[in-house]
Amino acid sequence: MRRSVRSSKSRFRAYLDKRRLRKAEERVHERVDQSEEQKRAAKAKRSFRGLFAAFWSLLSGHRLTVILSLVTLSGAVWLGLLMPLSTKIALDYIITDNPGPTGIAAPFQEQFGPFTDVRADRVRLMWLLGAGMLVVTVCSIALSMWGRWQCTRITKRVQVALRRRVFEHASRLPLHRIHAIKAGGVSSILREDAGNVGDLIFSLIYNPWRALTQLIGTLIVLTWIDWRLVVGAVALAPIIWGSHKTWITRIRPLYRDIRERRQGIDAMSAESFGGMRVVRAFNRRHAEAARFTAEGHLLARQELYTWWWARTLEMIWELLIPLASIGVLLYGGTAVIDGRLTVGDLMAFTAYLLALLGPLESLVSSATNVQTNLAALDRVLDLFAEPREFDDAKPDKTIDPARVQGRVTLQGVTYAYPKRVAGGARPGAVGTDERGDPVLRDISLDVEPGETIALVGMSGAGKTTLCNLIARFDDPTAGRVLLDGIDLRDIPVEQYRALLGVVEQEVFLFDGSVAENIGYARRKATEADIIAAAKSANAHGFITELEQGYDTLIGERGVRLSGGQKQRLAIARAILANPRILILDEATSSLDSESERLIQRSLGQLMKGRTSFVIAHRLSTIRFATRIVVIEQGIVREIGTHEELLARDGRYAELLKIQLEGSDSKSDESLGTPR
């Protein structure tokens, strides 16, 4: 039931109360369970050294370029540190007489001088200083841009390569693991985590290196000017750390809550528009608009609350910098009056002090970004640690598709689904091999090449599970499935699945054109092949009536097509695959009687000479099967032809009678929505 809309003000107060309660609980748990938490964290998390080693391995092929980028970055930083020094030179050696132009070093005097105290020499020195600073700036920018460009290029390459690895690995996970992490979304690992791992080049290497180089260089210059002022500058470090600790502990969680609220609003709006037929049918448009508005008001209150915290921190920094400048002015001004420092020294020191705050702040903020990015790397490594589908299998036999007869044999097949433990659905969480109760028990069946086997039973009987084992989406927990006498475990799974054609009840179509969806079954299918398959599936007629024919875009999951049209495209896709083994999971369920009659004729031609497994409850589909297998509670109850099973007057006859009478809700349930 959808909750009634509360005012954003009351919900915001509840949000603040919840945050205060959460902080209090965290403090209590921190005191009580600190040692246990540390043990658990040490056991569960990878060390920084291990994560850095893993990231360094991802940079294989790019390491030399990264090192060269750091070298050029160091040169750019050191050249940049000359800029504030130009202020001291201008004041002490050009503008004033402390020591004035005559105090310029002898080598420079010999090269460009001599210089005296006359105005012309002073002006010429200003031009030379400006030209020198321009050259230094250009060189610094050139070196910095080269290194930054190289690191940016490597970042994108690492992200693309890592996303490809994540996609390939995730697509080869066992099917139950893909279903388990679907709610959390592999897409978040592909998009966000893989992107954050690439950003480690900057947050872990480039930016900290620049900050450290600038920090060390600035401290050296400041020490050269006056070491006592350096002590005061270093005293700012605790203040910087304290402000960023406030950011990490108080403000960053607020931003995280805002992101979660935005995601919730996006999900709610997507759900409302996705279910617009239901919204309009029950006249709930205004209620949905009110819910959306209330969520927007609550988001605005959270954003304003966070704004005040962030502005308070900014005000502290805006006050800190003038205070530091005042301190330098008081001490340095006194030193100038006493003759211990020159005016140029004071101005240069003020400029370097402001330059010192940048790397200090950058180091602390980089520490925050590094933790976020390392957490993303940890999640990616968790995903890579998950065993892939049939990872332990060692197939030692290859098959020639042209020689495959299509005989499928099941010997004592038993199957139980893996258990889903708490946290097992989290993306990147390693799954469990623990199994639940068997859903199939000791099933033995020998299917001759070209036979059509109809699987009949109640919902949840195990029909689809059995077909999944035949398609080798998983291996039996006991027993064997054989193809032409060869255990499927001994055949490379890619070779075996190339022999399959599958049409499911819930048709999945890609967001593309009609031709692309049909041609998905065969990589090099021609236009003529696609049209022929569509004609065989009775789909050519409605396709040609679309606005762009076979080039018509059908939308996400084929949203622009009717259920029957989507089903016929799926059948055309299976026909184009030209499989040796065909699995039809209620493939004609969405068709009207006339279309079903035409499709049955096409499927009859398709299944001729092919081993076919059909899950169906329609009599028109069942009666023409070579044999009918009745499954109940994971056990084969009856096997025979339509006439033989009717003559036995057993479970099949009972199910068929219920269907033909077809008056109550047990009709559909009895013959089964396949599971």
Side-chain angles (χ1 to χ4, degrees), residues 1-30 181-193 195-196 199 242-318 365 368-369 371-373 375-376 379 422-423 425-429 556:
M1 179 178 178
R2 297 173 81 82
R3 294 176 295 181
S4 59
V5 179
R6 294 168 53 196
S7 69
S8 61
K9 185 175 182 179
S10 62
R11 294 178 65 196
F12 180 67
R13 288 175 178 172
Y15 163 75
L16 294 180
D17 292 339
K18 185 177 180 180
R19 282 200 56 82
R20 284 192 289 267
L21 180 61
R22 188 192 308 167
K23 288 187 66 177
E25 290 177 348
E26 288 174 354
R27 285 195 295 267
V28 171
H29 287 298
E30 185 177 359
I181 65 177
K182 187 176 182 180
V186 177
S187 60
S188 66
I189 301 180
L190 282 169
R191 185 181 62 255
E192 297 178 10
D193 291 339
N196 287 339
D199 290 339
S243 65
H244 279 276
K245 184 175 177 61
T246 302
W247 169 270
I248 294 171
T249 59
R250 183 172 292 274
I251 300 180
R252 194 173 60 165
L254 295 177
Y255 277 110
R256 184 173 60 245
D257 291 342
I258 289 174
R259 287 196 299 270
E260 291 176 356
R261 183 70 58 189
R262 285 173 180 163
Q263 291 172 0
I265 292 175
D266 292 342
M268 183 188 68
S269 59
E271 183 183 45
S272 297
F273 280 96
M276 188 54 68
R277 288 171 59 90
V278 177
V279 172
R280 292 183 176 179
F282 289 93
N283 195 26
R284 299 287 293 176
R285 183 175 60 84
H286 293 292
E288 292 298 318
R291 290 180 67 248
F292 181 82
T293 303
E295 291 293 326
H297 286 167
L298 179 57
L299 174 62
R301 290 180 182 273
Q302 289 181 241
E303 288 175 334
L304 291 174
Y305 179 73
T306 306
W307 183 90
W308 271 111
W309 272 102
R311 297 298 81 75
T312 301
L313 199 59
E314 285 184 7
M315 286 188 291
I316 293 175
W317 270 95
E318 289 174 359
S365 61
T368 304
N369 294 332
Q371 293 304 317
T372 301
N373 296 337
R379 281 162 53 91
R426 176 175 59 85
E556 186 177 2

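- Note on E288 versus R291: salt bridge recorded, some NZ/NE/NH1/NH2 to OD/OE distance being below 4.0 Å.
- Contact between A376 and N196 at its shortest, heavy atoms only, is CB-CB, 3.6 Å.
- Here the OG1 atom belonging to T293 is positioned 6.0 Å from the NE2 atom belonging to H297, to the nearest 0.5 angstrom.
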